[in-house]
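Remarks on the structure that follows.
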There are 2 protein chains.
Amino acid sequence: MKNPDSVLAKLRTKGYKLTPQRVAVVKYLMNNKEHPTADLIYRKLRKKYPMVSFSTVYNTLEILQEIDEIKELTISQKSAHFDPKTEPHHHFFCETCGKVRDVLQNVDIPSQWIENHRLSSYQIYFYGICSECLKMKKKEVLK
Amino acid sequence: MKNPDSVLAKLRTKGYKLTPQRVAVVKYLMNNKEHPTADLIYRKLRKKYPMVSFSTVYNTLEILQEIDEIKELTISQKSAHFDPKTEPHHHFFCETCGKVRDVLQNVDIPSQWIENHRLSSYQIYFYGICSECLKMKKKEVLK
DNA sequence: GTACTTGCAAACAGTTTGCATAGGC
DNA sequence: GCCTATGCAAACTGTTTGCAAGTAC
């Protein structure tokens with residue numbers, strides 16, 4: 001679990017101002033397991049706080065990446081998904097429901113070098129049908 | 001090594017017409033190790049065959065994915081890269097030169113299921129500085 | 001008070017689409 | 001000759017940018 005307040009404190013330490021918009025984005029994102037897109041973040045925040053714009057959402061996402069509090073997932077070519085969980089783990093993209101899910105199962109990955117290239121990070125993306133959608137399908141067959 | 005002719009034959013078998021444009025895209029792509037974007041394919045082909053349009057490039061890429069002769073890589077959010085090598089392997093994105101390189105080193109990955117989700121495919125993307133760029137940097141330091 | 005941040009709208013890049021015309025088989 | 005494929009331009013989507021006005025500190 002990540003405390004939104006510690007992220008806000010980090011922002012202030014790094015010289016970023018704590019505007020209500022930024023606070024809203026941080027509070028919405030932290031501990032969010034949905035891996036939302038910028039568009040989803042914008043639409044969700046709009047409901048609660050009508051004074052949030054697209055540029056501010058993008059601006060805040062940019063900053064949160066810079067200070068290493070979120071990661072951008074390129075699991076779908078269409079739009080970027082954002083993940084507040086920064087510890088190493090993987091992701092599963094369900095081709096039926098479109099949801100992005102965490103995969104915690106361990107995969108052994110070289111940590112610093114691979115084939116003479118210096119690594120700074122890596123991502124593992126799995127694609128298929130998620131357990132939830134498989135359950136639904138089973139039910140439909142039984143009908 | 002993949003023979004462009006076998007891909008062309010497959011296209012014909014599946015009922016797709018072998019237009020000069022499609023042939024050009026297939027010949028350009030097969031055995032290409034650059035993981036080009038649609039835009040790059042378009043610009044390269046233009047030089048040789050001025051009668052190629054964007055829509056045709058995209059159309060052909062779509063078809064080649066359908067018949068499993070190329071894979072789309074979402075290694076960069078900006079634009080899709082395409083890979084004619086369909087056997088399992090991984091990719092490295094150099095943050096300095098922007099090139100996408102093959103990584104053949106083996107990584108053990110579950111093949112059919114992960115955490116109760118049914119797998120259809122997966123991708124491993126590494127990010128960092130490639131061996132070529134590291135060499136260049138070393139030379140610069142020695143100057 | 002001042003520099004940073006915001007909201008807006010316009011710009012931009014990559015991709016997709018609709019449709020009249022061309023051409024593979 | 002038929003039916004699919006092409007080229008063009010326009011539409012569309014996600015993201016970025018420029019700038020005047022607002023606001024955290």
Side-chain angles (χ1 to χ4, degrees), chain A residues 5 7-28 35-67 70-82 98 100, chain B residues 7-28 35-67 70 72-82 98 100:
Chain A
D5 289 339
V7 176
L8 293 173
K10 190 167 176 182
L11 276 173
R12 190 168 331 121
T13 307
K14 299 248 177 185
Y16 296 106
K17 290 179 181 165
L18 296 191
T19 65
Q21 291 88 335
R22 281 183 184 160
V23 174
V25 172
V26 168
K27 290 205 167 160
Y28 175 72
H35 312 88
T37 59
D39 181 66
L40 186 65
I41 296 168
Y42 170 72
R43 282 187 289 116
K44 286 279 168 147
L45 289 184
R46 270 262 143 158
K47 287 183 185 170
K48 260 195 180 170
Y49 320 87
M51 71 316 168
V52 171
S53 73
F54 247 110
S55 22
T56 302
V57 169
Y58 277 107
N59 169 333
T60 307
L61 289 172
E62 188 71 36
I63 293 170
L64 290 173
Q65 283 184 80
E66 259 170 48
I67 67 170
I70 64 172
K71 277 257 187 190
E72 185 190 59
L73 305 180
T74 67
I75 197 166
S76 155
Q77 191 65 53
K78 204 161 178 192
S79 58
H81 291 249
F82 295 90
V100 175
Chain B
V7 177
L8 293 173
K10 191 167 176 183
L11 277 171
R12 193 176 319 125
T13 307
K14 300 249 177 185
Y16 295 108
K17 291 180 182 164
L18 296 191
T19 65
Q21 291 87 338
R22 281 185 184 160
V23 174
V25 172
V26 168
K27 291 206 166 161
Y28 175 71
H35 311 87
T37 61
D39 182 66
L40 186 64
I41 296 169
Y42 171 72
R43 282 187 288 115
K44 285 279 169 143
L45 289 185
R46 270 261 143 158
K47 287 184 186 167
K48 258 196 181 171
Y49 319 88
M51 68 320 168
V52 172
S53 73
F54 247 110
S55 21
T56 301
V57 169
Y58 276 107
N59 170 333
T60 307
L61 289 171
E62 189 71 35
I63 293 170
L64 290 173
Q65 280 183 84
E66 259 169 48
I67 67 170
I70 63 172
E72 185 191 60
L73 306 180
T74 68
I75 197 166
S76 155
Q77 192 64 53
K78 202 158 180 198
S79 58
H81 292 248
F82 295 90
V100 175

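Proteins come first, then strands; the chains are lettered A, B, ... in the order of their sequence lines, and each starts at number 1. These figures come from a predicted structure and were not determined experimentally.
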query = Of all residues at least two apart in sequence or in a different chain, which pass the salt bridge (charged side-chain N to carboxylate O under 4.0 Å, His left out) check with R46(B)?
reply = none
note = Rounding to the nearest 10°, end axes of the helix from dG1(C)-dC25(D) to dC25(C)-dG1(D) built from five pairs each make an angle of 40°
task = Quick one: list whatever passes side chain to side chain donor-acceptor pair (under 3.5 Å) with D39(A), sequence neighbours left out.
result = R43(A)
key: ring pair (Phe, Tyr, Trp, His ring centres under 6.0 Å) involving H81(B) - partner list, sequence neighbours excluded   = none
inquiry  = Holding to side chain to side chain donor-acceptor pair (under 3.5 Å), I want the full list of residues that pass it with E66(B), two or more places apart in sequence or in another chain.
reply    = Y16(B)
message = Quick check for you: name the first and last nucleotides of DNA chain C, 5' to 3', having an atom under 4.0 Å from a heavy atom of chain A.
response = dA3(C) to dC8(C)
Side chains of residues 50-58 of chain B: which donor-acceptor pairs under 3.5 Å do they make with residues two or more places apart or in other chains?
from	atom 1	to	atom 2	distance (Å)
S53(B)	OG	S55(B)	OG	3.4
S53(B)	OG	T56(B)	N	3.4
S53(B)	OG	T56(B)	OG1	3.1

remark   = K10(A) meets the side chain to side chain donor-acceptor pair (under 3.5 Å) criterion, sequence neighbours left out, with E69(A)
query = For the pair made of CG in L40(A) and C1' in dT15(D), what is the distance, rounded to whole Å?
reply = 16 Å
remark   = Letter by letter from the 5' end, nucleotides 1-7 of chain D scores (B base, S sugar-phosphate only, - none; protein heavy atoms under 4.0 Å) --BSSSB
request  = State, to 0.1 Å, how close L61(A) and A38(A) come at their nearest heavy-atom pair, and which atoms those are.
outcome  = CD1-CB, 3.9 Å
task = Could you pull out all residues at least two apart from K27(B) that satisfy salt bridge (charged side-chain N to carboxylate O under 4.0 Å, His left out)?
result = none
Partners passing salt bridge (charged side-chain N to carboxylate O under 4.0 Å, His left out) against R12(B) (at least two apart in sequence or in another chain) = none
query = More 5' along DNA chain C: E62(B) or L18(B), using each one's nearest nucleotide?
reply = E62(B)
inquiry  = My understanding is that only residues two or more places apart in sequence, or in another chain, count here; which of them pass salt bridge (charged side-chain N to carboxylate O under 4.0 Å, His left out) with K44(B)?
reply    = none
